[in-house]
Amino acid sequence: MIKPNMHYADLKDSYLFYRIAQKTKSYLKEHPDQYLYRMGIGDVSLPLCGAVIEALHNAVDDQADRNRFHGYMPECGDPSLRAVIADYYRKRGVRISDDEVFISSGASDELGDILDLFDAGSSALVMEPAYPAYVDANKIAGRTIVHLPSGENNSFLPEPEEDAKADIIYLCSPNNPTGAVFSKDQLRRWVDFANKNGSVILFDAAYEAFIEDDSLPHSIFEIEGAETCAIEICSLSKTAGFTGTRLGYTVIPKSLSRCGMRFNDMWVRNRTTKTNGVSYIIQRGGAAVFTEEGQRQIHENIRIYKDNARMLMDALDQLGIWYCGGKNAPYIWLKCPNGMGSWEFFDLLLQKIQVVGTPGEGFGACGEGFFRFSTFASQEDTKEAAKRLMNLFG
Ligand code: PLP
């Protein structure tokens with residue numbers, strides 16, 4: 001009999017968002033007339049910007065024309081999109097070449113697929129609280145997870161511990177769920193640690209476009225030495241509303257190698273084996289994000305999400321509730337008032353004010369007692385949620 005991958009049995013039964021969906025569903029069943037203010041969602045509420053829509057339409061027309069039609073796309077990405085993204089990095093002072101950029105169908109796919117580059121026996125260190133996919137993707141592959149908890153004491157930005165042993169290191173900055181962002185000095189310590197130990201950092205920069213503080217790094221490659229120890233994974237999902245359109249990119253420097261194997265070459269080999277490239281139409285839409293007009297338009301949308309963050313942060317400030325994030329990230333991470341547990345606070349908000357957030361415990365044990373608000377809901381809903389919070393705790 002075929003033996004299945006038994007590591008699936010090691011996954012937790014109830015995925016965080018599944019449990020939230022079950023709870024909200026049963027609440028609505030009991031209270032069919034109630035409307036829920038969903039501050040838990042990690043999905044965007046604004047549509048794609050005009051520049052992207054125009055590029056998508058034009059690309060669809062290309063596909064209808066015998067002379068402009070595109071079939072299979074290059075496995076590692078359309079060369080013109082790879083060039084545009086390399087240029088986006090260059091404008092921020094990071095020198096990468098076009099063939100160090102790989103186009104993907106999004107960060108989630110890539111975070112799972114990229115593990116093909118590492119030995120099955122390697123261990124993975126995950127700074128927590130963390131986006132749940134890091135742990136699960138490694139558990140499916142049977143890897144040992146080294147949990148690195150963080151907390152209020154280090155502002156949810158953990159430092160490497162000298163005696164920690166890990167081959168793969170997950171760092172996410174700006175962080176989901178805490179909204180915390182590593183400074184250049186803090187990232188440098190991780191880069192030095194990884195180079196010293198021969199580890200590889202998987203740097204999730206899905207929220208880099210939300211950084212507004214000029215001193216904070218958008219990319220790990222702003223740190224000297226990162227080119228010999230890091231891979232960066234990015235997404236247009238939150239930056240440009242591509243959650244349903246699907247496009248991301250990954251940077252693998254050519255100088256990153258271990259045991260005489262270059263990860264960039266290995267990833268070319270992997271992509272040419274496992275994909276036939278991302279759709280031509282979607283890549284055209286993605287390229288429009290990096291035009292001057294596209295950048296202006298996506299930052300207009302990001303501004304709207306930032307206004308949502310402001311409304312929630314103002315309410316928390318007035319209530320004296322501790323939180324971090326919100327300024328350079330689309331998430332606000334707050335301490336549940338009155339010593340409440342995450343799920344207890346979730347139930348209270350759902351039952352009393354019909355506001356839905358995400359219990360911190362779902363992002364790792366050290367998230368217990370904390371709670372995440374997303375700023376991606378509509379402005380109207382966010383305003384009402386902030387008002388209801390004020391009424392409940394004010
Ligand atoms: N990385 C982080 C930290 C995320 O929060 C998300 C989505 O919420 C992703 C990756 C996945 O992004 P994508 O939509 O590109 O798969």
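These numbers come from the heavy atoms of this one structure, side chains and all, not from hydrogens, waters or symmetry mates. Numbering of ligands and ligand atoms starts at 1, following listing order.
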ask   = Distance only, no hydrogens: is a donor on one side chain within 3.5 Å (strictly under) of an acceptor on the other, for Lys335 and Tyr323?
value = no
inquiry  = Tell me whether Gly42 reaches ligand 1 (any heavy atom closer than 4.0 angstrom to a ligand atom).
reply    = no
Nearest protein heavy atom with distance in Å, relative to atom 14 (O) of ligand 1 = Ser237 OG, 2.6 Å
message = In this structure, does ligand 1 have an atom that sits under 4.0 Å from one of the heavy atoms of Lys238?
response = yes
ask   = Which of the numbered atoms in ligand 1 are below 4.0 angstrom from a heavy atom of Arg246?
value = 13 (P), 14 (O), 15 (O), 16 (O)
inquiry  = Just by distance, no angles: are the side chains of Tyr27 and Gln354 close enough, under 3.5 Å, to form a donor-acceptor pair?
reply    = yes
request  = Kindly confirm or rule out an N or O of Ser235 lying under 3.5 angstrom from an N or O of ligand 1.
outcome  = yes
Which of the ligand 1 atoms, numbered from 1, are nearer than 4.0 Å to a heavy atom of Asn176 = 3 (C), 4 (C), 5 (O)
remark   = Under 4.0 Å from one or more heavy atoms of Ser108, ligand 1 contributes atoms 11 (C), 13 (P), 16 (O)
task = Give a yes or no answer on whether the side chain of Arg38 reaches the backbone of Val355 with a donor-acceptor pair at less than 3.5 Å.
result = no
note = Out of Asp204, Leu247, Thr243, Val44, the nearest non-hydrogen contact to atom 2 (C) of ligand 1 is supplied by Asp204
inquiry  = Under a 3.5 Å threshold, yes or no: a donor from one side chain and an acceptor from the other, between Thr275 and Glu75?
reply    = no
note = protein heavy-atom neighbour closest to atom 12 (O) of ligand 1 works out as Ala107 CB, 3.7 Å
ask   = Among side-chain atoms of Asp213 and Ser215, is any donor-acceptor pair under 3.5 angstrom?
value = yes
remark   = If we number the atoms of ligand 1 from 1 as shown, the ones under 4.0 Å from a heavy atom of Cys172 are 3 (C)
query = Can a donor-acceptor pair be found between the side chains of Asp204 and Tyr134 at a distance below 3.5 Å?
reply = yes
query = Going by distance alone, is a donor N or O of one side chain under 3.5 Å from an acceptor N or O of the other, for Ser123 and Asp167?
reply = yes
task = Check if Tyr207 has a non-hydrogen atom at a distance under 4.0 Å from any atom of ligand 1.
result = yes
key: Any side-chain donor near an acceptor of the partner, Tyr35 and Asp381, under 3.5 Å   = yes
